[in-house]
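Beneath this line is the structure, given in structure tokens, with notes to follow.
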Amino acid sequence: MAEYVGIDLGTTLSGLAYLKSDGNPEIVPNSDGERLTPSVVFFEAHEDVKLVGSPARDGGEPDRTIFQIKRHMDDPEYLVEIDGKKWTPAEISALILSKLKRDCSKIIGDINEVVITVPANFNELARKSTIAAAEMAGMRVKRLVNEPTAAAVYYAHSQGVKGRILVYDLGGGTLDVTILQVEGDNIRILTSEGARHLGGSNFDDMLLAAYAEQYTKQTGAPLYNDERHRRRVLLATEDAKKMLSKLQRVNDTVANDKNDGLARIDLTRESFEKLIRQMLTRTVMLVEQALDSANLKAADIDHVVLVGGSTRIPKVKTILEKMFGKTPKSCGNVDECVALGAALFAKKSARIQEVCNASYGTVAMVYNAKTGEEKLMNSVVIPKNTPIPCSRTQVYQTSEDNERVIEVDITQGEDEDAKFVDIIGRITLEVPPNRPKGCEVAVTFSYDENQRVRALVVDKQSGRSREVAVSYKGAGVLSDEDLKRKSAHLRTMRIE
Amino acid sequence: MFKKILQSLSKSQAAKVPAAPVSKPAAETPKPGAVLQKISKAAAPAASQTPEEMCEIAPKMPKDQIHARLKLLYRRYNRSASSLDPKIRQEADTMLDAIVKVREKFFGEI
């Protein structure tokens, strides 16, 4: 049985690594002989089989092929319907994890407990869905770990570095920037910032639009008329993007599926970099945000580490080098280091101090006795970057005489302005009648190692209290009963 | 120095609205969990506005103020860009584009 296993469940690629007896992690290939498995699922119409990985990606039936399901893990209403059956994002992810478990266990033995990586800014629901996916695939999640943290663990292990490290993780679908302090085997996360929907697939979409424009200019016809052909051209643009990381110029020839002729596409690295420049500026702003969050300047960073396939783009290295005045380093294969780090994390988690990825609080009218100002605002109880696990309490007052029900909103977000935070839950607590306003209510938030939040409200006068874990309801959220039933069903499925 | 009075979203919004006629349904009970809602939507940027107007950058604003303003806006709208509400996400994306354009105008391209 493999004792320490890490899985990178990525937007475009997934990988599994285990810790060898010599203490070094290694990627385990799938049964197709690939070290990484495309995170794509194909529902075959003629045989009762689900294809996962390259065969699914290259299958060519877009209506039955699911790409980038990770982007929907935080959507409680998202469902995929195939042949009348509805699949939640967690179930689709479970198919990918099942493929990894089944294939890799043939090489390293049974896989029962794993560490799974998630983007640093994955919210509560996405984290819960990831745990559910693993359970359906027959694996217990020992810990969830943030992707940049896992990458940094691998970098620190393989390079033997110490000091402050900034990890710039630009993957297929997300950007994470994490700053951490490494001293030997001890790692302390200082901050993590993330941008959703910013990654290599955005660059592919931009290239696709450029291809389509060129094609129409040369032939007068649209480049694609359906999803199947759009997918084919998208794969071509992805290849062109990768080539432009090695070459200054790439020529491609494309055709649509209506015999409207061929078009020659000439791309230069310079034109590609111009195309994605504004997206890269957004990534620079996220790096600045991370530095601000940790109260650091660029000069305070000792190492800049690149993670994720999109960091192969030369411009990424150039802008970071200009910003930090030092050459960014890659930790080996940028696509594999997250899974490798997750396997290491499975063993070393006790020596790694993580932080709260967001601020949690409630909505309150705050009176400043000194200035006389009053303002409705987001009142933070647990600030972002508090080391976890943690618990914090703040005392508030009731607002009305004879208030029978206290309502406490649970907010997620740092902004003082309540317009710019999310209300992710609400606790209601019945209290005795005939009390004046101003009674004290203690609001406590707790944050666990898997970055899941709980809230406790205590009415101090009556002693009544109510505690909730933030939970989710929606068509795409599985109940515990659903989870058990679907886990049993998934074990009987043919997954190749 | 600070006194903090609990204000729930449903109560504070109900207080602003006149009593509902009897025929109207009672206020909807929010679903527990998920992102229940934003307190209220930020004003959507108008299509005719320049990036500076969208970012509320005054003509003679000093550069350090512009820098601070862009940082604040980037933090806000980067967060909104991952909202589950497609409308909020689209608005955030438009704002992020504007923020980048203003940054490039005043501080140069990367």
Side-chain angles (χ1 to χ4, degrees), chain A residues 74-77 121 123-125 194-198 277-278 280-282 284-286 288-289 292 319 322 362-370 376 379 394-399 406-409 412-415 417-426 437 441 443 468 470-474, chain B residues 1-16 29-43 51 67-68 70-86 88-90 92-93 95-104 107-110:
Chain A
D74 61 355
D75 188 343
E77 304 296 339
N121 67 342
N123 72 8
E124 292 279 310
L125 175 57
R196 301 289 309 281
H197 308 292
L198 175 50
R277 190 192 68 230
Q278 294 196 338
L280 292 181
T281 302
R282 288 193 195 182
V284 168
M285 294 190 83
L286 194 77
E288 290 170 349
Q289 185 173 306
D292 283 348
I319 55 175
K322 189 175 158 193
T362 188
V363 180
M365 185 67 76
V366 178
Y367 290 93
N368 186 333
K370 205 171 175 185
L376 183 72
S379 169
Q394 276 208 23
V395 176
Y396 296 87
Q397 296 180 8
T398 54
S399 59
I406 297 170
E407 289 185 357
V408 179
D409 291 328
Q412 185 183 48
E414 292 71 55
D415 214 303
D417 188 336
K419 283 201 294 287
F420 293 96
V421 296
D422 294 326
I423 308 291
I424 60 167
R426 183 169 299 151
K437 67 182 177 185
V441 178
V443 178
V468 295
V470 174
S471 60
Y472 298 86
K473 284 184 181 167
Chain B
M1 188 165 65
F2 292 99
K3 190 163 80 172
K4 296 179 176 177
I5 312 293
L6 276 173
Q7 293 284 322
S8 87
L9 176 61
S10 58
K11 280 188 180 176
S12 62
Q13 287 188 340
K16 290 177 195 160
T29 307
K31 273 190 282 184
V35 175
L36 292 176
Q37 60 213 99
K38 296 275 180 183
I39 302 285
S40 65
K41 305 244 181 338
H67 195 235
L70 293 180
K71 273 186 179 183
L72 172 75
L73 291 177
Y74 176 80
R75 185 180 281 275
R76 280 183 174 169
Y77 287 100
N78 177 51
R79 182 174 178 78
S80 299
S82 56
S83 166
L84 291 179
D85 182 337
I88 293 177
R89 219 164 44 225
Q90 180 56 49
D93 211 44
M95 278 304 296
L96 287 170
D97 277 346
I99 292 162
V100 167
K101 280 178 187 152
V102 173
R103 182 189 160 108
E104 288 189 339
F107 302 99
E109 292 176 4
I110 53 169

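Below, each value reflects all heavy atoms present in this structure, side chains not excepted, and no hydrogens, waters or symmetry copies. So you know, we letter chains A, B, ... as the sequences are listed, proteins then strands, and number each from 1.
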[X] versus chain B, the contacting section by heavy-atom distance below 4.5 Å:
| X | answer |
| --- | --- |
| A:Asp415 | side chain |
| A:Lys437 | neither |
| A:Leu198 | neither |
| A:Ile319 | side chain |
| A:Glu288 | side chain |
| A:Thr281 | both |

TODO: Kindly compute the distance separating CG (B:Asp93) from CE (B:Met95), expressed to the nearest 0.5 Å.
DONE: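 The CE atom of B:Met95 is 11.5 Å from CG of B:Asp93, to the nearest 0.5 Å.
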
Open item on the list: So, taking the atom named OG1 in A:Thr362 and the one named CD in A:Glu407, what distance separates them when rounded to the nearest 0.5 Å?
Closed with: 10.5 Å

Task: Pairwise side-chain contact, A:Leu286 with B:Tyr74, heavy-atom cut-off 4.5 Å (strictly under) - done: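 A side-chain contact exists here, since the closest heavy-atom pair is under 4.5 Å.
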
Open item on the list: Is there a side-chain contact between A:Ser379 and A:Gln394 in this structure, where contact means two heavy atoms from C-beta onward sitting under 4.5 Å apart?
Closed with: yes

Open item on the list: I need the minimum non-hydrogen distance between B:Asp97 and A:Arg282, along with the two atoms involved.
Closed with: OD1-NH2, 2.9 Å

Task: Pairs of heavy atoms under 4.5 Å with chain B: top-ranked of A:Arg196, A:His197, A:Glu414, A:Gln289 - done: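 That would be A:Gln289.
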
TODO: Could you have a look at B:Lys71, B:Arg89, B:Lys101, B:Arg103 and say which one has the most heavy-atom pairs with chain A under 4.5 angstrom?
DONE: B:Arg103

Task: Under 4.5 Å from any heavy atom of chain A - which part of B:Glu104 - done: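 Contact with chain A involves the side chain of B:Glu104 alone.
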
- [ ] Against chain A, label B:Ile99 side chain, backbone, both or neither, depending on which of its atoms sit under 4.5 Å from a heavy atom there.
- [x]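 Just its side chain gets close to chain A.
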
Task: Salt-bridge criterion met for A:Asp292 and B:Arg75 (N-O under 4.0 Å) - done: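 No.
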
Open item on the list: For the backbone of A:Ala364 and the side chain of A:Asp409, can you confirm whether one donor and one acceptor N or O come within less than 3.5 Å of each other?
Closed with: no

